[in-house]
Amino acid sequence: MVRAVLFLAVAAGVYFLGKSLVGSLAADAQTARFWVSAAWVVATGALAWVGLCHLLQPVIRMIGLNFISVALLIFWGGVLLYFYYSGRVNVYLPDDGLFRPLMLAGGIGMAVLGVFNLLTGKVQAGCCGHDHGHDHGHGGCGHDHGHDHDHHEGCGHDHGHHHHEGCGHDHGHGHGHEHHHHEHAHAHGHGHECCGPDHGHGDEHKHEHVSACHGEDLVHHHHHDQSHDHGHDEGAHEHAHGILASPRWFNQSSAVLMLLAPLALAAAYTPDQYSAQAVLNKNLYNQTYGVGARADQFSLRTPEGKDKVPAKAAAPAPAVADMPPPADDSKKLPGAPGVATAEALAKTPEKAPGAATTQSYGSFTLADLEAQVPRNKNGNFELNVPEIYYTAGDAEVQKAITGQPIETVAQVLPEKVNNENGHRLRVFRLLVQCCAADARPYSVPVDFGKKAPEFKDMTWVRVKGTLTFPKEGDQIVPVIIATDIEETTAPADAMIY
Amino acid sequence: MRPKNKVLATVLSGFLGLVFPVCECAVVPVVRRLVRKGLPISCAITYLLSAPIINPIVIFSTLNAFKNVDASEGVLGSVGMTVARISLGYVIAVIVGISLLRKRPGDVLHRDIAAAMEKAPPESEGTAAVPGLSFNAKLVQAMRTAKDDFLDTAMYFAIGVAITSVFNTQVNQEMVEKAVAGNDLVAIPALMGLAFVLALCSTSDAFIAAPMAAFSSAAKLAFLVFGPMLDVKLVFMYSSLFRRKFMVGLCLAMFGLVAGLSVPWVKLIGQLFPTF
């Protein structure tokens with residue numbers, strides 16, 4: 001206990017010390033900050049871990065490993081079911097496919113397994129049939145067992161603590177076995193066979209059954225010394241217990257902590273969304289506009305899922321002109337600004353633009369755009385960021401959409417590319433391939449022509465403006481020339497599937 | 001067993017994952033039990049290495065993850081990558097298994113497992129040994145075993161997930177890609193190292209590999225084959241199953257085989273399935 005407090009206190013000290021140390025570093029000393037922060041986290045974490053293990057160890061002894069393992073199992077199942085039924089899972093897993101049903105099945109399975117084991121804890125279930133390799137016959141004294149063997153799997157005896165029966169000495173186990181609770185007929189204090197098959201166990205040392213033995217209080221509550229390496233072969237415990245039944249107290253406590261802490265902390269504290277730091281680390285600024293695996297899904301030219309086929313060759317003028325222009329009545333469309341220009345552009349022979357990524361897919365006019373993309377009540381084309389992103393790969397779509405009023409809802413982060421004059425912000429949406437773990441940001445710059453307004457990182461905004469496609473670096477970049485930007489509420493699906 | 005039969009048995013063990021699918025965490029306790037019941041070492045290890053890859057769930061998820069990747073010169077599409085992963089995983093598992101044909105359990109297994117095996121001959125293992133054990137008792141024991149195995153696996157799983165999530169969100173992916181993606185000589189070991197650190201489940205690691213546009217198909221293949229065979233959590237689990245010396249040799253062999261065979265394998269599969 002003392003050691004636990006000691007370690008935790010030192011951990012807290014290191015935490016605060018490290019915090020101020022990191023804070024004192026210059027904001028842009030990136031490498032230094034990274035390594036110092038990492039060292040700080042590791043040191044604090046390790047110390048806190050050891051302290052918590054010290055704290056956990058007597059608790060494990062008191063409650064007993066069997067109950068703890070059942071409780072952990074029910075805990076895991078419970079967390080899964082909680083996430084499922086509360087709807088928090090909606091952010092993590094797609095609503096179609098097997099993932100959510102599998103999660104439900106898993107949660108139910110774990111809970112059922114845990115409850116089953118809880119209820120059958122006292123049932124005897126045969127013997128493993130193998131020698132555990134510890135000499136139980138030690139009516140001999142003076143050894144520290146300190147391990148919860150829990151051979152209850154079927155061995156019919158609890159090894160952990162009958163050994164001292166013959167000894168009559170202070171074991172310093174702190175098993176908290178309340179040995180007087182044994183229901184087996186043998187009394188304490190005299191050597192008895194460890195393996196008497198009449199012990200219903202599998203239960204823990206939470207021996208609730210009435211003891212017929214004796215009246216003496218044999219509760220050893222003394223906490224003995226932590227080092228229990230009593231020379232038991234660790235491997236000798238190898239009867240499918242795994243690490244939870246390890247004789248080394250630290251391994252055992254660590255195992256329990258590892259099963260408890262991460263899941264509990266995550267379930268309690270996760271905000272169910274990525275942080276700005278995570279988005280920044282996921283190639284936010286390293287976008288290959290117009291190129292990607294989901295071009296067809298987000299192309300403005302096709303309904304979702306249909307393949308678009310690039311026009312042959314690099315769109316030489318004759319090839320394009322040969323294709324019958326669709327919707328020749330586009331010039332008659334009322335109220336559409338710049339229609340005449342767009343139509344004229346659509347009929348102009350195409351030349352393959354500079355960037356290799358922009359391809360020609362055949363004629364696409366404003367009328368096509370109108371057909372595929374709805375105008376919202378403000379008269380603007382409502383696009384999402386991936387759609388804007390992929391326009392950079394399609395020459396005719398670029399021509400059709402340049403200058404058109406568009407609107408998009410996205411999250412905002414500062415712009416760090418081509419932004420020396422501070423006129424730009426970056427907006428993004430997260431795209432999910434399979435589940436939240438593989439989410440990637442698709443982002444485009446927004447240019448204000450003057451100093452960009454300030455927004456808190458990750459704010460949801462509605463941007464209105466027009467699209468332009470300058471060549472920056474060695475690729476075509478779809479830039480939104482903003483006419484308006486305002487905060488807005490997050491859409492129902494924060495991440496796009 | 002006569003050597004001829006053992007070779008055949010090893011070769012067939014590589015396919016067991018199709019019938020008994022298991023992920024890479026769960027395979028270790030399963031193999032431990034099988035070995036104690038008398039399965040030859042070569043078969044057991046072949047199953048250990050191949051089952052996390054050659055199983056229906058992994059096949060399905062690999063196909064799905066790469067479905068947006070267009071096959072082209074030197075780039076494998078979804079069918080190509082799936083076939084490459086399965087076949088390379090199988091070949092490596094069988095190679096390792098066959099190289100262990102002559103080994104006795106004592107050379108390979110952790111001394112405590114081997115010792116326990118010697119003390120209690122395999123046949124007496126399990127509830128079958130105890131006559132008259134009722135169905136209920138067997139059920140209870142099975143459920144207890146399931147509980148213990150689950151928690152054991154879940155602990156390693158939690159470790160792997162913790163490492164993965166830190167890496168995924170706190171490390172700048174752009175820096176990682178810039179540093180290693182270009183050159184295959186560097187990219188392949190780098191992605192194998194990533195697979196080791198991330199310790200992803202074989203059923204879903206394809207979804208992490210597929211979008212890594214900067215890396216070659218060979219590097220991705222190495223990631224997908226090496227990960228299920230060896231990673232941070234498997235190191236822990238193997239060390240409870242194998243002797244230390246054997247483990248070191250096994251790890252080196254796996255690393256060498258995967259790193260060496262990835263590039264030629266991509267070429268081979270690319271020729272067999274050029275448009276997939």
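By convention in this document, chain letters (A, B, ...) are assigned in the order of the sequence lines, proteins followed by strands, and residues within each chain are numbered from 1.
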Exactly one of M143(B), K147(B), R144(B) clears side-chain contact (heavy atoms from CB on, under 4.5 Å) with F116(A), and that residue is M143(B)
Please name the pair of heavy atoms, one in L151(B) and one in L73(A), separated by the smallest distance, quoted to 0.1 Å. CD2-N, 4.2 Å
Could you tell me whether R33(A) atom CZ has more than 12 heavy atoms of other residues or ligands within 6.0 Å of it? yes
Inspect the surroundings of OH in Y497(A) and state if more than 12 heavy atoms from other residues, nucleotides or ligands are less than 6.0 Å away. yes
dist L72(A):CG -> M155(B):CE (nearest 0.5 Å) comes out at 12.0 Å
Working to the nearest 0.5 Å, report the span between CG of L280(A) and OG1 of T169(B). 12.0 Å
